[in-house]
Amino acid sequence: MTEKGGGGGGGGGEKEDSSGMTVDERYSQWKSLIPILYDWLANHNLVWPSLSCRWGPLLEQATYKSRQRLYLSEQTDGSVPNTLVIANVEVVKSRVAAAEHMSQFNEEARSPFVRKHKTIIHPGEVNRIRELPQNSNIVATHTDSPDVLIWDVESQPNRHAVLGTSESRPDLILTGHRDNAEFALAMCSTEPLVLSGGKDKTVVLWSIHDHMSTLATEKAPASSGTNIKSSSKSIEGNDGPHESPSVGPRGIFSGHEETVEDVQFCPSSTQEFCSVGDDSCLMLWDARSGTNPAVKVERAHDADIHSVDWNPHDENLILTGSADNSIHMFDRRKLASKAVGSPVYKFAGHEAAVLCVQWSPHDRSVFGSAAEDGILNIWDYGRVEKAQGAGGDTMGNYPPGLFFRHAGHRDKVVDFHWNSIDPWTIVSVSDDCASTAGGGTLQMWRVIDLLYRPEEEVLAELDKFKSHILTCSA
């Protein structure tokens, strides 16, 4: 099983953190605080660990809950096939869940809020899933191969994951890498473009626009001028052996000296993107100016960089997460080409490698970070600015900017995703193989609004509760 980051995770109930608590003690404390800290939480035991999780399209809105697609994977031991799972999940709306019931779940049970809708037999392990913003029924996956696989999850048949079952046939195969591309994967928010990085030290860009327009007639011949062609790979699956169509790259970009671990598009541009890698470099690219990096930030961290994200609200700000346990925030206006990068701020709140960073889609100063220490932190750099303006941090022993610590996972948190439809709602997954006999944990959760609403508004509401309690006790 391929694992990003390697190193020691948060697993093992006897291992203590910096506070002197074991993982099991920390978890027990967290579970007792669920009714206070969360508006809603659902815990779902996974038979097989998942290395990626993504929200899909909204299916239905009801009075007290909504129904939404969720994409995740099953990383098996070979006794059954690896799969891409399409689930239907129920997301309880704000201020509906009963606080006293949220913490009453069995860690070994599956949640009634999560139901498997469809299974795709994936050719190899699913290391990364990304949905296309223009049509979130189209997803891309990375596996242990040079290719990126594109799936129309609605048109794919449902398969039974039993040993010996033939693999599902991708709707499209993106070729161009010369070595395995396992993790770095991104979709453009404005056009159907795909970006990838791999062990060949390159960043590869594709357009799947032609595929989008001919999806319903996939077997039709490609129009002149397109780079869609028949794949040389024949994948037996679905309704028999067929050749999946393939697309060659629009551009191949070279500059990294080690494996490219993550990539991200500039939110408003189809030509600008960034990448990070095991060479500890952050690189900014502009496809209009050639295949060399426009800006190369050397030693952006003191170790491998696992994750990068570009602020959708402020395109000057870029986040990176590293094996040096830290998150750095860069301002691209202050980056010089071929220079040693100096972040505008360093966030230190993890005790192991940071595997994933992601800006909130709803708040320009809020982002999340997940790490091998089993913690998912939510940060607000606006609080750092306020603390600096006030002459110091008012959070005591907590790192500046740290807003919330989600300690619901007992092993390394390998991925998470903000829900763009439902503010402050997150799905997160952990690989629990190091701390248990196997499997993983999926959690869907929402921070209670008393923690992030304006202070005056919260105090006014609490004062009303106080008046109500005094009246009832009189």
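Just so it is clear, the model here is predicted, and its values are computed rather than measured.
Between the Asn82 side chain and the Thr76 main chain, a donor and an acceptor come within less than 3.5 Å of each other. Side-chain atoms of Thr165 come within 3.5 Å of backbone N or O of Val162 as a donor-acceptor pair. Between the side chain of Thr119 and the backbone N or O of His160 there is no donor-acceptor pair closer than 3.5 Å.
Screening residues 80-125 for ring-ring contact (aromatic ring centres under 6.0 Å, His included) gives Trp40-Phe113, His122-Trp151 as the qualifying pairs, with residues at least two apart or on separate chains.
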**OP:** List the steps and the verdict of ring pair (Phe, Tyr, Trp, His ring centres under 6.0 Å) for His406 and Trp445.
**Re:** CA-CA 9 Å; His406 177 68; Trp445 48 278; 4.0 Å; yes
**OP:** In sequence, state the C-alpha distance, the side-chain angles, and the governing distance for Ile173 and Val247, and then conclude on side chain to side chain contact (heavy atoms under 4.5 Å, CB included).
**Re:** CA-CA 6 Å; Ile173 299 176; Val247 172; over 6 Å; no
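For the side-chain hydrogen bond (donor to acceptor under 3.5 Å, both in side chains) with Ser196, the qualifying choice from Arg130, Arg128, His142 is His142, the only one to do so.
Trp359 has its ring centre no less than 6.0 Å from the ring centre of His313. Under the 6.0 Å cut-off for aromatic ring centres, Phe347 and Tyr381 do not qualify, their centroids lying 6.0 Å or more apart.
A salt bridge is defined here as a Lys NZ or Arg NE, NH1 or NH2 lying under 4.0 Å from an Asp or Glu carboxylate O, and Asp449 with Arg95 meets this definition. Salt-bridge annotation for Arg364 and Asp314: present, with a side-chain N of the basic residue lying under 4.0 Å from a carboxylate O of the acidic one. Ion pairing of Arg332 with Glu272 is present here, as a side-chain N (NZ or NE/NH1/NH2) and a carboxylate O approach within less than 4.0 Å. At a threshold of 4.0 Å, the pair Lys65-Glu90 counts as salt-bridged, since one of the basic side-chain nitrogens sits closer than that to a carboxylate oxygen. The residues Glu257 and Lys201 are annotated as not salt-bridged, no charged nitrogen and carboxylate oxygen being separated by less than 4.0 angstrom. Salt-bridge annotation for Arg446 and Asp39: present, with a side-chain N of the basic residue lying under 4.0 Å from a carboxylate O of the acidic one.
Counting non-hydrogen atoms of other residues, nucleotides and ligands closer than 6.0 Å to CD of Glu154 gives a total above 12. Within a 6.0 Å sphere centred on CZ of Arg110, other residues, nucleotides and ligands contribute 12 heavy atoms or fewer.
Applying the ring-ring contact (aromatic ring centres under 6.0 Å, His included) test to Trp310 and every residue at least two apart in sequence or in another chain returns nothing. Every residue two or more places apart in sequence or in another chain that forms a salt bridge (Lys or Arg N to Asp or Glu O under 4.0 Å) with Glu107 is listed here: Lys31.
Remark: Arg410 qualifies as a cation-pi partner of Tyr27 under the 6.0 Å distance and 45° angle criteria applied to the six-membered ring.
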